[in-house]
Amino acid sequence: MRKTTLPRDTLAGLVNAVVSVPDGLASAALAGVNPVYGLYTSVAAPLAGSALVSAQLMQIATTSAAALVARQAVAAQPAERRPEAIFLLAVVAGLFLVVFGLLRMGRLSRFVSHAVMTGFLGGVSVVLVLDQLAPLVGFAARGRNPVAELANLLANVGRFDPRTIVAGVLALGLASGLRRTRLATWSSLVALLVPTVLVLLAGWEGVQQVSDVSPIPRGFPLPALPHLDLLSPELLASGFALAVVIAVQGVGVSQTVENPDGRPVNPSRDLIAQGAANVASGLLSGIPAGASVGQTALNVAMRARSRWAGILSGAWMLVIVLLVPGLVGLVPMAVLAALMIIAGLGALDLREARSIWATGGAARWAIAVTFAATLVLSVPVAVGVGVVLSIMMHLASASDVTVRALVRLPDGRFAEEKPPPRLASEAVTVLHTQGSLFFAGARRLEESLPSPVGAVRPVVVLRLRGRTRVGATLIEVLDSYADELEAVGGRLYLSGVEGAVRDQLRRTGKLDLERVVRVVPATTILGDSTAQALASASAWLGRPRATRPRAGSA
């Protein structure tokens with residue numbers, strides 16, 4: 001730590017610690033355990049994770065998405081064992097994240113469909129809001145999923161508690177209203193304190209408080225191994241799903257933060273950091289944690305300069321936990337519900353959802369299915385649905401290959417047109433491809449190539465410029481097509497071939513590179529290699545270039 005950065009990092013850490021109090025309490029309440037466990041997380045996660053992150057200003061803390069997944073994962077456990085199950089879940093998810101990082105899977109996040117992720121995050125936000133409506137009005141709703149709970153809630157309006165509603169609505173008004181003022185940074189804290197003081201001064205004993213749900217222990221817990229007897233295939237699956245949610249959200253956060261010292265961000269290293277934070281949290285009686293969008297933005301706004309801002313936020317939170325644990329029990333549960341509702345509404349990106357919906361096609365199906373799965377199924381199942389959808393969309397795009405013929409116009413320019421179904425005799429046909437040529441894409445190319453059947457000495461120039469490597473399927477397709485051309489006395493030219501691809505073709509030994517297939521290396525000039533291929537093909541056909549019926553270059 002440099003002396004020049006210490007003041008800014010210390011202040012940013014203090015502000016983040018104060019802000020973490022309501023966020024931590026609310027997240028733990030959302031997870032269905034003692035809210036003080038959220039404060040323990042706000043100590044352990046920044047201390048362990050900030051020391052390892054590559055995105056130095058990324059704040060690892062409690063998040064609503066992680067808390068919601070954790071709640072659903074341990075819902076089947078008896079109430080008295082849910083805290084132990086959540087501690088174990090945090091450790092399991094942390095170990096998965098470490099493995100993800102060691103396998104350098106941070107880069108794989110680019111394969112997650114934006115439509116799928118938007119639908120999932122939108123569904124999580126709506127579920128978060130629906131889950132908190134019951135404590136906001138002082139009624140315990142029941143149902144198999146959030147939609148069913150909402151229906152049960154609306155059917156029992158007469159059993160709502162007016163005083164609980166007053167406390168919750170006041171917190172909602174303060175949190176949302178102050179976000180538009182200079183007190184935006186402190187809005188959550190003010191929304192926590194004012195209704196709490198009101199309930200205490202008014203003597204509203206019917207308003208449920210944190211201490212009514214769980215006793216608040218004094219001090220800070222010592223590290224303890226989780227209860228492994230709770231380990232089950234279901235918990236492992238939930239831990240994996242939780243790790244995926246944390247990983248995708250974390251990669252998104254880390255890639256939006258620039259390091260003050262200019263060092264590059266490594267998403268895979270940040271996965272390891274979040275894994276270490278979750279393991280530490282689970283060992284210290286905390287809930288799962290991940291990269292926090294809001295608190296990371298707060299570090300940037302407070303002009304923090306290094307990872308010490310995150311480390312010091314954990315240290316400041318430890319001081320708060322040790323000095324004022326009793327005050328935590330006085331907070332009304334309706335106030336925590338209000339804060340989580342604000343977080344859920346703030347995470348909804350309706351503009352982006354409308355944009356994706358307007359795109360239509362596969363994107364519309366992806367966002368709709370993922371959103372619906374998150375609402376009516378568990379979050380782990382919704383994650384699985386999202387992964388399957390992403391794979392299907394990736395495979396569909398991989399097979400989206402377009403083949404066009406390039407034809408020279410009388411004025412010397414070139415036009416693209418649909419390739420002919422059959423090749424012309426004694427003529428050169430230039431083909432240009434767009435899209436992936438791996439696996440299904442190569443087979444799609446095979447279906448789109450003009451047939452040489454019935455032609456005499458046809459020549460095909462296939463442009464491969466920009467292809468840095470080819471797969472076994474494409475080599476098989478090229479070999480088969482070359483054999484068809486040879487059968488009628490024709491040839492195949494491959495133009496714009498990069499050095500690595502040329503070496504691949506030679507190593508396989510499948511293509512007859514001496515007689516039937518000619519490889520023309522790529523040059524720095526666009527269209528040069530295709531022009532060379534045309535010249536060579538024309539000479540082989542024994543015709544002057546000016547009189548050949550079909551030709552083209554790129």
Side-chain angles (χ1 to χ4, degrees), residues 1 6-31 33-51 59-62 67 83 87 90 167 171 174-175 183 185-201 208-224 277 280-287 289 292 294-295 298-299 302 304 307-333 335-336 339:
M1 182 192 304
L6 179 58
R8 290 182 180 177
D9 289 341
T10 302
L11 180 59
L14 175 60
V15 173
N16 241 323
V18 174
V19 171
S20 294
V21 172
D23 288 350
L25 293 174
S27 294
L30 174 62
V33 294
N34 191 328
V36 76
Y37 296 146
L39 301 187
Y40 296 161
T41 306
S42 299
V43 175
L47 287 175
S50 296
Q59 186 77 15
I60 303 177
T62 56
F87 304 155
L174 289 171
L183 295 176
T185 301
W186 309 97
S187 59
S188 295
L189 185 62
V190 174
L192 180 77
L193 293 176
V194 173
T196 300
V197 172
L198 172 64
V199 170
L200 291 175
L201 293 179
Q208 189 179 54
Q209 296 174 311
V210 169
S211 58
D212 298 326
V213 178
S214 301
I216 305 301
R218 299 189 64 84
F220 192 79
L222 295 175
S281 181
L283 296 178
L284 291 169
S285 302
I287 65 174
S292 169
Q295 294 190 41
L298 185 57
N299 272 338
M302 297 300 297
R307 68 182 72 251
W308 280 97
I311 295 173
L312 290 172
S313 74
W316 279 117
M317 178 57 72
L318 178 60
V319 173
I320 294 173
V321 170
L322 293 177
L323 293 182
V324 291
L327 297 180
V328 173
L330 302 177
V331 178
M333 294 299 294
V335 173
L336 299 183
L339 295 179

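Note that this is a predicted model, so its numbers are computed, not measured. For the numbers below, each heavy atom of this structure counts, side chains included, while hydrogens, waters and symmetry mates do not.
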Test item: [X] and [Y] side chains (from C-beta on) under 4.5 Å apart, heavy atoms:
X: Tyr40; Y: Leu284; answer: no
X: Phe220; Y: Leu322; answer: yes
X: Leu183; Y: Val190; answer: no

Atom pair [atom1] ([X]) and [atom2] ([Y]), whose distance is rounded to the nearest 0.5 Å:
X: Leu39; Y: Ile320; atom1: CG; atom2: CD1; value: 8.5 Å
X: Thr10; Y: Ile311; atom1: OG1; atom2: CD1; value: 11.5 Å
X: Ile287; Y: Thr41; atom1: CD1; atom2: OG1; value: 4.5 Å
X: Leu47; Y: Ser281; atom1: CG; atom2: OG; value: 11.0 Å
X: Leu14; Y: Leu312; atom1: CG; atom2: CG; value: 10.0 Å

May I ask you to decide if [Y]'s main-chain N or O and [X]'s side chain share a donor-acceptor pair within less than 3.5 Å?
X: Asp212; Y: Gln209; value: yes
X: Ser313; Y: Ala17; value: no
X: Ser27; Y: Ala67; value: no

Residues which pass side-chain hydrogen bond (donor to acceptor under 3.5 Å, both in side chains) with Ser20, listed by chain and number, not counting sequence neighbours: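 Testing Ser20 for side-chain hydrogen bond (donor to acceptor under 3.5 Å, both in side chains), a comparison that skips the adjacent residues, returns Gln295.
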Who passes side-chain hydrogen bond (donor to acceptor under 3.5 Å, both in side chains) against Ser42, sequence neighbours left out?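 Result, side-chain hydrogen bond (donor to acceptor under 3.5 Å, both in side chains) vs Ser42: none returned.
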Taking all atoms of both residues into account, what is the closest heavy-atom pair of [X] and [Y], and its distance?
X: Pro83; Y: Tyr37; result: CB-CE1, 3.8 Å
X: Asn299; Y: Ala12; result: OD1-CB, 3.9 Å
X: Pro22; Y: Ser188; result: CG-CB, 3.8 Å
X: Pro332; Y: Val199; result: CG-CG2, 3.9 Å
X: Ala191; Y: Val335; result: O-CG1, 3.5 Å
X: Pro46; Y: Gly310; result: CB-O, 3.2 Å

Test side chain to side chain contact (heavy atoms under 4.5 Å, CB included) applied to Ser187 - qualifying residues, sequence neighbours left out: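 Per chain and number, Ser187 pairs via side chain to side chain contact (heavy atoms under 4.5 Å, CB included) with Leu178, Arg179.
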Please walk me through it: do Met317 and Val21 pass side-chain contact (heavy atoms from CB on, under 4.5 Å)? CA-CA 8 Å; Met317 178 57 72; Val21 172; 3.8 Å; yes
Among Leu336, Leu339, Thr62, which residue meets the side-chain contact (heavy atoms from CB on, under 4.5 Å) test with Leu25?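 Only one of Leu336, Leu339, Thr62 forms a side-chain contact (heavy atoms from CB on, under 4.5 Å) with Leu25, namely Leu336.
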